[in-house]
Amino acid sequence: MVTARIEAYLRGAIDDARKAGKLPAIETANLGLEKSRLEGSDYSSTLPMRIARAVGAAPRAIAEAIVGSASDSPMLASVEVAGPGFINFVLADPWLAEQVDDILQHGPAHAVPRLGGGVRAQIEFVSINPTGPLTVGHGRIAAFGDVLARLLKAVGYDLQREYYVNDYGNQVRLLGQSIYSHYAGQLGEDVPFPLNGYKGKYVEEWAQEVAAQAGRKYLDMTEDEAVDALSIEGVARSLAMIRADLDELQIGFDNWFSENSLHQAGDVRRVIEVLRQSGYVTEREGATWFSHGDSSHERENVLVKRTGETTYLASDIAYHVNKFAERKFDRVVNVMGADHHGHTARMYAAMDALDLGRSKLTFVLCQMVHVVVDGVPVKQSKRSGDFELLGQLVNEIGSDATRYFMISRAADSQMEFDVDLAKKKSDENPVHKIRYAHARIASILRRAEKAGIDFSDGDTSLLDRPQELGLIRAMLDYPEVVSAAAKSLEPHALPHYALSLASAFNSYYHVHRVISPDVQLTKARLKLAMAVRMTVAAVLGLMGISAPDEMIREEAE
RNA sequence: GCGCCCGUAGCUCAGCGGAGAGAGCACUGGUCUUCGGAACCAGGGGUCGGGGGUUCGAAUCCCUCCGGGCGCGCCA
């Protein structure tokens with residue numbers, strides 16, 4: 001990474017300045033080095049301004065002292081003091097040109113730092129109740145989690161992807177009851193539809209299928225038995241739908257973890273006892289409570305209901321014990337909807353209570369997606385049966401565009417998804433521009449191959465035009481963008497970067513011909529084009545978006 | 001009433017302590033007919049919700065108000 005190299009260089013200069021007595025000892029943990037926003041400068045450090053007060057000197061004087069001690073480096077064309085006390089670094093053109101060979105030889109991913117260092121980590125995402133199909137809102141969590149997983153893996157985590165299947169409790173039973181009611185109706189029996197039951201059309205369809213396949217089988221048993229059996233049936237069918245929707249988005253999981261299995265193993269009851277022995281449990285109003293924080297009742301949550309059933313919180317605590325104590329994950333990232341944010345404080349409290357190490361657990365909350373159709377917001381509610389389905393959306397605009405839209409925004413921003421706009425504008429969508437840039441480069445490379453041009457001996461030092469050097473600079477940002485996105489768990493930097501890289505190539509393409517009568521220049525530029533193709537493909541790969549070698553041109557409307 | 005998130009260009013959103021505030025779309029004008037035009041270039045458009053504060057420096061941090069979303073012990 002370029003920043004790491006400039007940091008090392010800057011530290012050397014600071015050391016030298018200090019040895020020469022031009023600078024007192026200073027804290028250099030954070031050099032304040034980042035990409036410069038100023039034109040004509042690549043990177044800049046704000047260190048002199050930050051330490052000015054502690055050092056008791058003017059920022060510019062500090063900067064001058066550091067720059068004065070800086071040695072020459074083939075990487076840098078200039079190191080200068082600017083403005084109120086910035087140190088600006090400009091990369092050297094010949095060094096930039098060399099980086100093309102480096103990218104071709106090692107690949108764009110080579111320079112991505114291994115932040116994960118092989119740490120055993122898990123990302124849990126989607127984990128939607130298996131009571132129906134995924135909505136567009138779920139699609140955001142799915143796409144976001146998937147890209148985050150790709151990022152964490154790219155950065156060197158030993159990562160497992162998990163879906164927590166809530167195949168236990170009231171919601172699942174409610175689904176069973178909903179199916180049962182429709183099923184009975186099919187066969188001429190009147191079983192009232194449960195309050196808050198699942199009203200989606202799929203429930204009726206399943207009931208019809210069950211009636212057709214099983215006949216009166218479920219009417220011949222007790223209602224309890226029938227509901228139990230149909231709950232299991234409903235969960236299986238829901239999971240099949242969910243998997244199908246996820247498949248459409250190219251999203252897969254390494255493990256599907258059953259909540260019910262925790263109950264079967266006795267883990268849920270066991271963890272309640274552990275909490276009780278540590279003094280975190282109180283009995284009140286006929287229920288059992290997880291008591292954390294001060295003595296007020298505000299920090300209390302039910303573990304065992306008056307009915308004797310355990311709550312979701314109890315299962316989830318047992319689940320996290322399983323993740324950390326049993327399966328020994330050193331880092332767990334949970335991606336979920338922001339409507340669950342109240343749950344995070346309780347889980348952190350449980351992590352503390354059980355001494356599991358709260359810093360190993362991170363929650364990422366995706367804000368709601370407001371679906372707009374015909375300019376009217378569609379109220380998303382799985383239970384009212386009035387919702388926009390993810391499957392429909394993917395069918396209409398495709399996996400690539402859906403993923404691109406879903407990960408383009410920061411998780412903590414709400415998002416408006418205008419289905420009509422996405423459909424109508426899909427041809428003008430940024431994702432097309434990026435994929436098109438890739439296809440265009442592939443086409444150029446095909447043409448070169450047909451012409452029998454072997455550019456393996458191309459001399460990249462011929463790449464000295466501003467647009468060429470700009471493209472190389474953009475490619476050097478790849479590892480920076482990937483590592484920053486992985487570190488902050490913010491995949492939305494990727495689509496923005498991909499777009500700027502594609503735009504940089506398109507600009508270049510319109511100013512300079514890659515294939516020209518100048519054979520040497522052609523070879524050098526083919527190398528450049530190849531490196532850009534590789535980098536574009538790498539970002540698209542991280543986003544889970546296809547990088548086609550050719551695109552079929554559709555007729556204009 | 002309490003807690004979390006958001007309020008930046010006409011629209012959808014980046015930027016989240018640094019140097020004239022950006023992108024995509026939309027709009028206006030231009031290049032060009034190309035190694036795939038689903039292209040490129042230029043332009044207009046912003047009291048960064050309002051007001052205080054901290055700082056050498058605030059869209060960015062703190063307080064407060066206004067507006068929107070979500071949540072608030074026995075749903076998951």
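Letters A, B, ... are given to chains in the order of the sequence lines, protein chains preceding strands, and every chain is numbered from 1.
The side chain of Lys433(A) lies closest to rC40(B), out of rA14(B), rC40(B), rC4(B). Checking rG73(B), rA76(B), rC5(B) against the side-chain heavy atoms of Gln367(A) singles out rC5(B) as nearest. Among the nucleotides rA14(B), rG37(B), rG36(B), the one closest to the side chain of Ala410(A) is rA14(B). Listed nucleotides: rA76(B), rC35(B), rG73(B). Nearest to the side chain of Trp289(A): rG73(B). Of the candidates rG37(B), rC75(B), rG69(B), the closest approach to any side-chain atom of Tyr436(A) belongs to rG37(B). Ranking rC4(B), rG37(B), rA76(B) by closeness to the His341(A) side chain, first place goes to rC4(B). The side chain of Gln171(A) approaches rC75(B) more closely than any other nucleotide in the set rC74(B), rC35(B), rC75(B). Residue Glu416(A) places its side chain closer to rU12(B) than to any other of rC5(B), rG24(B), rU12(B).
The side chain of Tyr509(A) contributes an N or O atom lying less than 4.0 Å from OP1 or OP2 of rG37(B). The phosphate of rC35(B) (OP1 or OP2) has a side-chain N or O of Arg513(A) nearer than 4.0 angstrom. Contact check, Ser507(A) against rC41(B): a side-chain N or O comes under 4.0 Å of OP1 or OP2. Between Asn506(A) and rA39(B) there is no side-chain N or O to OP1 or OP2 distance below 4.0 Å. The shortest distance between the side-chain N/O atoms of Arg440(A) and the OP1/OP2 oxygens of rG37(B) is below 4.0 Å. Phosphate proximity of rC72(B) to His343(A): absent, as no side-chain N or O sits under 4.0 Å from OP1 or OP2.
Regarding the sugar-base torsion, rG68(B) falls in the anti class, its angle being beyond 90° of 0. In rG20(B) the O4'-C1'-N dihedral to the base is within 90° of 0, which defines a syn nucleotide.
Within residues 303-318 of chain A, the residues that have a heavy atom under 4.0 Å from RNA chain B are, in order of number, Lys305(A), Arg306(A), Tyr312(A).
Looking at His370(A), its side chain has no donor and acceptor atom pair within 3.5 Å of the base of rG69(B).
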Could you write out each protein N or O paired with an N or O of nucleotides 16-20 of chain B at a distance under 3.5 Å?
unit_1: rA19(B); atom_1: OP2; unit_2: Arg37(A); atom_2: NH1; d: 3.0
unit_1: rA19(B); atom_1: N6; unit_2: Ser36(A); atom_2: OG; d: 3.3
unit_1: rA19(B); atom_1: N6; unit_2: Ser44(A); atom_2: OG; d: 3.2
unit_1: rA19(B); atom_1: N6; unit_2: Asn88(A); atom_2: OD1; d: 2.8
unit_1: rA19(B); atom_1: N1; unit_2: Asn88(A); atom_2: OD1; d: 3.2
unit_1: rA19(B); atom_1: N1; unit_2: Asn88(A); atom_2: ND2; d: 3.0

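Counting non-hydrogen atoms under 4.0 angstrom, His438(A) reaches nothing in the nucleic acid.
Looking at RNA chain B, the stems built from 3 or more consecutive Watson-Crick or G-U wobble pairs, each pair with its key distances under 3.5 Å, are B:1-7 with B:66-72, B:10-13 with B:22-25, B:27-31 with B:39-43, B:49-53 with B:61-65.
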